[in-house]
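What follows is a single structure, written as structure tokens, with notes after it.
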Amino acid sequence: MNNKKQILCVEDDAAIIMPLRYALELEDWLVTWANTGMSAIQQIEQNHFDFIILDVGLPDLSGFEVCKKIRTFNHTPLLFLTARDDEIDRIVGLEIGADDYCAKPFSSREIVSRIKAIWRRMEIQQQLLAEKQQSISSQQPSNIWQCQDETLQIHYYAIALQLTRYEYRLLKLLIQHPEQVFSRQQLMDHVWEHPEHSLERTVDTHIKSIRNKLKQISPEHEPIETHRGFGYSLKRMS
Ligand code: CA
């Protein structure tokens with residue numbers, strides 16, 4: 001059994017692949033390469049990866065399209081490579097579920113340190129979760145929802161949800177205001193950093209993803225209520 005970390009690197013530019021390959025292999029990571037969006041999706045469907053590096057400018061699908069597709073079934077940490085220091089690209093990337101981004105030109109060292117930072121964050125989260133679970137194992141959880149601001153984590157029935165930044169903010173807002181009906185626009189204004197650059201249907205995508213994650217923990221409950229053509233609220237649960 002190989003316990004090297006497995007990275008999928010999706011990039012079509014040879015000038016970037018070469019130094020990146022060198023830097024990643026130097027860290028003793030096992031790197032799989034894909035140079036189109038379609039082949040990336042196929043790889044992700046068929047194999048396990050610990051990390052995904054995804055270029056936005058691919059020859060077939062854009063990296064954004066690839067990310068949207070894979071986020072319906074996969075939540076591996078993901079770093080976007082954007083062609084320029086374009087704010088819109090960065091915002092879109094984070095909204096559709098990336099953990100971070102690197103704007104070209106970048107140094108391979110920068111990528112490596114970003115990946116390590118994301119990993120460190122995850123490890124700390126998992127460690128805190130383990131400690132927390134130990135401490136609550138002897139007692140009944142007092143609440144269905146528990147928000148931890150320091151780790152940006154929400155526990156649902158004492159199990160940590162793996163949420164993206166915007167999913168966390170969105171769910172937290174709903175938890176803080178049970179039964180209050182929010183319009184999509186209100187949710188965007190409260191949660192998104194640049195709501196003017198975003199579409200209301202982005203809210204739907206995020207809610208869908210949150211629901212999937214909640215369902216994995218408790219398939220029989222559907223805590224988020226849809227108000228057709230308007231928005232969402234969170235049911236009061238006991
Ligand atoms: Ca490219």
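Just so we're clear, the structure is a prediction, and the values are computed from it rather than from any experiment. Computation of the quantities below employed the complete heavy-atom set of this structure, encompassing side-chain atoms and omitting hydrogens, waters and symmetry-equivalent molecules. As the structure lists them, so they are numbered: ligands from 1, and atoms in each ligand from 1. Counting from 1, the numbers follow the sequence of the chain as shown.
Residues T205 and T202 have side chains that never bring a donor and an acceptor to within less than 3.5 angstrom of each other.
Rounding to the nearest 0.5 Å gives a distance of 10.5 Å between CG of L171 and OG of S209.
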query = Between N212 and Q216, does a side-chain hydrogen bond (donor to acceptor under 3.5 Å, both in side chains) hold up when you go through it step by step?
reply = CA-CA 6 Å; N212 285 335; Q216 282 169 11; over 6 Å; no

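At a cut-off of 3.0 Å, D12 is counted among the residues with an N, O or S atom near the Ca ion (ligand 1). Taking backbone and side chain together, L81 holds no N, O or S atom under 3.0 Å from the Ca ion (ligand 1).
Aromatic ring pairs are classed by plane angle as parallel below 30°, tilted from 30° to 60° and perpendicular above 60°; the pair H221 and Y157 is parallel.
Draw a line from the Ca ion (ligand 1) to O of G57 and another to OD2 of D55, and the angle between them is 80° (to 10°).
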